[in-house]
Amino acid sequence: MSEIISAADVVATIPDGAVLMIGGFMGAGTPPRLINELVRQEKKNLTIISNDTARPGVGIGKLVEARQVSKLITSHIGTNPMTQKQMIDGDIEVELVPQGTLAERVRAGGFGLGGVITPTGVGTIAAEGRQTIELQGKTYLIELPLKADFALVNAKVSDYQGNLMYALTARNFNPLMAMAADTVIAEAESIVPVGVIAPDMIVTPHVVVDYLVAKERNNG
């Protein structure tokens, strides 16, 4: 069973310099309370593995704006000029990975695979320094798995055990990343009693979720 904890307390367990996988696609599916708490606690020198850095002031863009990211492994930064500037200035190390390859590298990390092979990038600068393999007359890049110290995921609904259900495209990278980190922290919009979520609607089972972020009280 996942431990139910406040955002402040669980983020306090994340050290400076940690490697974080953060779900989301342009902010959709990114856990807002956890992001805000990382900013508030001023965690530094973070390595972020994510699909993108959204936009300034949105999702992971908040971490970039606060200059808390030292390295980024992502599929694109084209929608965030702050990320672009910090990369050009040498303040953030950026490893750009094709989106499908990024997903497969995360999946490989989560499912114990030694890597994946892909033709994407062969013959381009993406292949520089990479191992290749010939199979049936075709050249493939060997891409290594990705893993993280922590995965921060966002679900539509969780039960009190930590079984997670996602909403539509906000699901995106979250289930993959929940399998590929040593510690999984889930934030959910709603927390319901066990049994409310139909078994076939559970995407991420509670056995891989370490912490479930408690909903904040409304003092208004």
Side-chain angles (χ1 to χ4, degrees), residues 14-26 29-31 34 38 43-54 59-60 63-64 68-80 83-84 86-88 90-154 171-186 203-205 207-210:
I14 299 175
D16 291 344
V19 179
L20 308 182
M21 286 183 175
I22 303 179
F25 189 104
M26 290 300 297
T30 300
L34 291 172
L38 284 168
K43 300 295 181 176
K44 297 180 176 62
N45 299 320
L46 301 173
T47 294
I48 304 297
I49 301 171
S50 63
N51 180 69
D52 55 74
T53 56
I60 297 167
L63 298 175
V64 173
Q68 294 171 259
V69 182
S70 60
K71 182 175 180 179
L72 181 66
I73 302 174
T74 188
S75 71
H76 73 89
I77 59 173
T79 57
N80 194 325
T83 310
Q84 298 168 38
Q86 289 183 38
M87 180 187 71
I88 292 169
D91 296 328
I92 292 182
E93 177 187 351
V94 177
E95 179 183 345
L96 292 172
V97 182
Q99 189 176 80
T101 302
L102 179 67
E104 286 302 294
R105 290 179 67 187
V106 173
R107 184 178 68 86
F111 289 85
L113 303 180
V116 295
I117 61 170
T118 175
T120 304
V122 172
T124 74
I125 59 173
E128 293 179 2
R130 302 294 178 97
Q131 290 180 278
T132 60
I133 188 172
E134 298 285 335
L135 286 176
Q136 298 180 332
K138 191 170 183 177
T139 301
Y140 297 86
L141 295 183
I142 300 175
E143 296 283 0
L144 298 180
L146 289 172
K147 289 187 68 69
D149 302 318
F150 298 86
L152 310 185
V153 302
N154 187 23
R171 171 173 171 169
N172 52 65
F173 275 79
N174 283 293
L176 288 176
M177 291 178 170
M179 296 297 295
D182 295 333
T183 301
V184 177
I185 305 169
V203 177
T204 299
V207 292
V208 302
V209 178
D210 297 286

Contact summary for K43 and Q68, nearest pair of heavy atoms:
O-NE2, 2.8 Å

With side-chain contact (heavy atoms from CB on, under 4.5 Å) as the criterion, how do Q131 and I133 come out once you've worked through the C-alpha distance, each side chain's angles and the decisive distance to 0.1 Å?
CA-CA 7 Å; Q131 290 180 278; I133 188 172; over 6 Å; no

Heavy-atom pair of closest approach, residues G109 and A180
C-CB, 4.2 Å

Between T74 and N51 (side chain of the first, backbone of the second, donor and acceptor by atom type, cut-off under 3.5 Å), is there such a pair?
yes

Of D210, L34, V209, the residue whose pairing with I185 passes side chain to side chain contact (heavy atoms under 4.5 Å, CB included)
L34

Between L146 and L102, does a side-chain contact (heavy atoms from CB on, under 4.5 Å) hold up when you go through it step by step?
CA-CA 8 Å; L146 289 172; L102 179 67; 3.7 Å; yes

Determine all donor-acceptor pairs shorter than 3.5 Å in which one atom belongs to a side chain in residues 110-126; sequence neighbours excluded.
unit_1	atom_1	unit_2	atom_2	d
T118	OG1	T120	N	3.1
T118	OG1	T120	OG1	3.3
T124	OG1	G121	O	2.7
T124	OG1	A126	N	3.1

Kindly determine whether D52 and N80 satisfy side-chain contact (heavy atoms from CB on, under 4.5 Å), including the steps that lead there.
CA-CA 9 Å; D52 55 74; N80 194 325; over 6 Å; no

Can you list every pair that meets side chain to side chain donor-acceptor pair (under 3.5 Å) and has a residue in residues 144-153, with sequence neighbours left out?
none

Say you draw a straight line from CG of N172 to CE of M26; how long is it, rounded to the nearest 0.5 Å?
12.0 Å

Taking all non-hydrogen atoms of both residues into account, name the closest pair between A151 and A181 and its distance.
N-CB, 3.3 Å

Can you check whether F150's main-chain N or O pairs, donor with acceptor, with T183's side chain at less than 3.5 Å?
no

From S50 atom OG to H76 atom NE2, the distance as rounded to the nearest 0.5 Å
9.0 Å

One should read off an interatomic distance between M87 CE and L72 CG, to the nearest 0.5 angstrom, of 10.0 Å

How far apart are the C-alpha atoms of E104 and R107, what are their side-chain angles, what is the distance that settles it, and do they pass the side-chain contact (heavy atoms from CB on, under 4.5 Å) test?
CA-CA 5 Å; E104 286 302 294; R107 184 178 68 86; 2.6 Å; yes

Does N154 reach the main-chain N or O of G24 with its side chain, forming a donor-acceptor pair under 3.5 Å?
no

Considering residues at least two apart in sequence or located in another chain, which fulfil the salt bridge (Lys or Arg N to Asp or Glu O under 4.0 Å) criterion with D16?
none

What is the minimum heavy-atom distance between T83 and T53, and which atoms define it?
OG1-OG1, 2.9 Å

From T47 atom OG1 to L20 atom CG, the distance as rounded to the nearest 0.5 Å
8.0 Å

Could you report the tightest heavy-atom contact between P175 and T204, atom names first, then the distance?
CA-OG1, 3.9 Å

With distance as the sole test, does Q84 use its side chain to make a donor-acceptor pair with the main-chain N or O of G78 at under 3.5 Å?
yes

CD1 of I77 to CD1 of I60: how many Å apart, nearest 0.5 Å?
13.0 Å

Check for a donor-acceptor pair, side chain of T30 on one end and backbone N or O of G23 on the other, with a separation under 3.5 Å.
yes

Hey, could you give me the CD1/CG distance between I92 and L63, rounded to the nearest 0.5 Å?
9.5 Å

